Amino acid sequence: MMDNVYLTNPEDVYETPWFLLKGGIFESFRYDTFESFNEKLWELLTAMTSCSKKDDKEKTRLTETLDKLILMVKGCHYFLHHKERLKFKEDWIDIKWYKNPYRCSKKYRSRDDQKLNHHLAHFKEPLSNLTREEAQNFTLAFKNFFAEMGLSSWLNLLDDWKSCLTGDESFFDWRVDCAPLKTYEKLLALHEACTIGYQWAEMDYPPPNRHLIEDYLSSEYVNGYRSASPFEMIGDVFYEKNYSDIRQHILALYVSCSCKREGINTIAKDLRSTLRWLLETGWLLLQTDYFPEDWLDPDSIDFLRCPVPEEQADYWKPKNLTAKEQRKLRKTLSKLYHNIDVRQEIYTVESRIIRHLHPDVPDNLSEDDLATKNRLLKILDVLTLIVLNLRERRTKSGGVCYPPIVEEANVHSNESV
């Protein structure tokens with residue numbers, strides 16, 4: 001089958017991903033799950049390092065697994081060769097990744113940060129053998145696999161495995177593989193890279209914060225990969241409400257006297273969504289070490305709504321940030337979320353909205369309420385500044401600027417509430 005594929009080319013660029021995968025990768029584990037393939041690989045290793053005799057049924061099963069490994073190795077080499085031959089480049093696997101310019105300052109990171117932001121955490125499969133760079137670009141894992149041993153060397157080694165298997169001998173009898181565990185680990189990592197490649201071809205490659213959005217916040221990104229970008233999410237915050245609208249609703253929600261309550265009843269549902277997005281987006285800006293290049297390209301962010309009138313954008317002043325807080329947005333944002341559980345904070349705000357809708361419920365502000373109010377207003381200011389900074393860079397640079405320099409935010413004098 002592979003010989004026939006070598007004689008053809010994909011008809012158009014949209015067929016290229018599957019053309020590259022169907023050179024052996026797809027066929028090697030098309031009938032296996034991620035877990036079942038790895039179980040078979042481990043079973044093969046233990047059988048090959050054991051001196052016990054194997055019956056014909058077991059030999060047949062192990063030979064099928066070995067044939068799949070050989071096909072996978074050939075397929076990965078095929079992928080690299082034809083990707084280079086076709087000069088095929090694709091954003092999701094050839095794109096650069098940059099450090100997240102708003103990554104939470106180390107001083108303010110939570111105890112769970114390392115676990116939440118592990119470079120493989122966003123995959124649903126229990127991947128464990130890929131480096132950060134290999135997870136971001138699975139073809140790099142293919143290249144690393146063949147760095148020390150070329151295709152012919154790998155095929156010779158696996159042929160020796162097969163000879164041991166058919167001859168009912170162990171590695172230690174034939175001495176064909178001095179480091180079988182190391183070989184197993186390399187094959188395991190290659191399979192993980194192939195799994196990512198399959199997701200790429202199906203356009204199901206997860207964003208680097210998928211686990212934070214779905215598993216931690218119990219939310220979802222409904223419009224695909226780019227919608228998981230925190231910069232795109234800011235657009236949801238300002239979708240139908242501008243800065244002044246949201247700020248006034250926050251102030252109305254946290255009045256200290258029931259008699260001063262203003263009518264937010266008709267917009268309670270929308271306000272709940274807006275404040276949830278506000279808290280989630282500010283928190284997500286702090287998470288994940290690296291973002292793909294296009295997430296940081298001001299020209300590629302199509303859905304940002306300007307939170308202030310265009311005529312005010314050049315001289316707009318945040319109302320709740322000091323000059324120092326404006327200069328250091330990353331530190332400001334890090335401190336705002338320090339020692340709080342964002343999920344609990346969302347629940348607290350929603351409870352506040354419910355209490356606000358019931359006139360008979362006492363509405364006195366506690367210290368925690370005042371802290372939440374201050375946090376919401378400051379996060380709103382930070383997100384607005386980020387939008388205006390991106391807008392300014394997009395207007396003045398006339399091109400791409402990677403990544404945005406967050407500490408150079410326009411500094412405006414503070415205005416009291």
Side-chain angles (χ1 to χ4, degrees), residues 1-30 34 37 68-98 119-120 122-123 125 127 129-155 186-187 189-208 210 223-229 290-297 299-300 302 399-400 402:
M1 178 177 179
M2 286 178 60
D3 292 337
N4 294 331
V5 176
Y6 266 105
L7 299 177
T8 64
N9 280 337
E11 293 184 4
D12 58 60
V13 68
Y14 299 105
E15 294 182 2
T16 305
W18 283 111
F19 169 81
L20 296 174
L21 282 185
K22 288 187 176 180
I25 294 176
F26 174 73
E27 292 82 1
S28 67
F29 60 91
R30 63 184 300 182
F34 178 82
F37 189 96
K68 288 182 179 180
L69 289 176
I70 293 171
L71 191 58
M72 182 179 71
V73 170
K74 288 181 177 179
C76 292
H77 187 270
Y78 173 94
F79 188 106
L80 290 176
H81 171 74
H82 285 282
K83 183 178 183 296
E84 183 177 350
R85 179 183 65 82
L86 296 170
K87 296 180 173 59
F88 175 70
K89 289 189 176 293
E90 212 281 337
D91 284 349
W92 284 12
I93 56 173
D94 294 300
I95 198 170
K96 294 179 180 179
W97 288 65
Y98 289 100
H119 66 274
L120 295 171
H122 58 298
F123 295 102
E125 296 82 3
L127 308 181
N129 289 274
L130 299 178
T131 65
R132 175 184 61 80
E133 293 83 359
E134 290 172 337
Q136 292 166 358
N137 184 345
F138 63 89
T139 60
L140 182 61
F142 296 174
K143 292 178 181 178
N144 290 339
F145 182 80
F146 293 109
E148 296 181 9
M149 290 173 54
L151 176 63
S152 60
S153 297
W154 272 108
L155 294 181
K186 287 187 175 182
L187 290 169
L190 190 67
H191 176 234
E192 292 185 356
C194 290
T195 303
I196 296 176
Y198 186 82
Q199 295 175 341
W200 159 74
E202 283 203 319
M203 299 186 71
D204 195 31
Y205 183 81
R210 180 207 62 81
N223 296 318
Y225 186 89
R226 281 194 54 81
S227 70
S229 166
Y290 288 81
F291 283 162
E293 181 181 30
D294 61 337
W295 282 18
L296 298 172
D297 176 8
D299 290 331
S300 70
D302 299 325
V400 179
Y402 308 117

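Keep in mind the model is a prediction, meaning the values are calculated, not measured.
Inter-residue side-chain proximity for Phe37 and Leu69 is flagged as met; some heavy-atom pair is nearer than 4.5 Å. His82 places a side-chain heavy atom less than 4.5 Å from the side chain of Phe19.
Interatomic distance, CG of Leu20 versus CG of Leu86, reported as 6.5 Å (0.5 Å rounding). Note that the CG atom of Asp204 and the OH atom of Tyr225 stand 12.0 Å from one another [nearest 0.5 Å]. To the nearest 0.5 Å, the span separating CD on Gln136 from CD1 on Ile95 amounts to 10.5 Å. Separation of atoms OG1 (Thr139) and CG (Asn144) is listed at 9.5 Å; rounding is to 0.5 Å. The CG atom of Asp297 sits 10.0 Å away from the OH atom of Tyr98 when rounded to the nearest 0.5 Å. The OG atom of Ser28 lies 7.0 Å from the NE2 atom of His191; values are rounded to the nearest 0.5 Å.
With sequence neighbours excluded, the residues forming a side-chain contact (heavy atoms from CB on, under 4.5 Å) with Glu125 are Phe34, Phe123, Leu127, Thr195, Gln199, listed by chain and number. By the side chain to side chain donor-acceptor pair (under 3.5 Å) test, Glu84 is found to be paired with no residue, residues two or more places apart in sequence or in another chain being considered. Scored by the side-chain contact (heavy atoms from CB on, under 4.5 Å) test, Ala141 finds Leu130, Glu134, Ala193 as partners (sequence neighbours excluded). Residues satisfying the side-chain contact (heavy atoms from CB on, under 4.5 Å) criterion with Ser153, sequence neighbours excluded, are Met149. For Phe291, the ring-ring contact (aromatic ring centres under 6.0 Å, His included) partners are Trp295, not counting sequence neighbours. Among residues two or more places apart in sequence or in another chain, the side chain to side chain donor-acceptor pair (under 3.5 Å) test is passed with Trp92 by none. Under the side-chain contact (heavy atoms from CB on, under 4.5 Å) criterion, Lys143 pairs with Leu80, not counting sequence neighbours.
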Derivation of the side chain to side chain donor-acceptor pair (under 3.5 Å) call for Asn9 and Arg85: CA-CA 10 Å; Asn9 280 337; Arg85 179 183 65 82; 2.7 Å; yes

Evaluation steps, side chain to side chain donor-acceptor pair (under 3.5 Å), between Trp200 and Glu90: CA-CA 10 Å; Trp200 159 74; Glu90 212 281 337; 3.2 Å; yes

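For Tyr198 and Tyr205, the ring centers are positioned 6.0 Å apart or more. Between Phe142 and Phe146, the gap from one ring centroid to the other reaches at least 6.0 Å.
Looking only at distances, no side-chain donor or acceptor of Trp154 sits under 3.5 Å from a matching main-chain atom of Ile70. Between the Arg210 side chain and the His122 main chain, a donor and an acceptor come within less than 3.5 Å of each other. Checked by atom type and distance alone, the side chain of Ser229 never pairs as donor or acceptor with a backbone atom of Arg226 at under 3.5 Å.
For the side-chain hydrogen bond (donor to acceptor under 3.5 Å, both in side chains) condition, no pair includes a residue of residues 10-21, sequence neighbours left out.
Of the charged side-chain nitrogens involved, none lies within less than 4.0 Å of a carboxylate oxygen, so that Lys68 and Glu27 do not count as a salt-bridged pair.
Between Phe138 and Phe79, the ring planes are perpendicular. Angles over 60° get that label, and only those under 30° would be called parallel.
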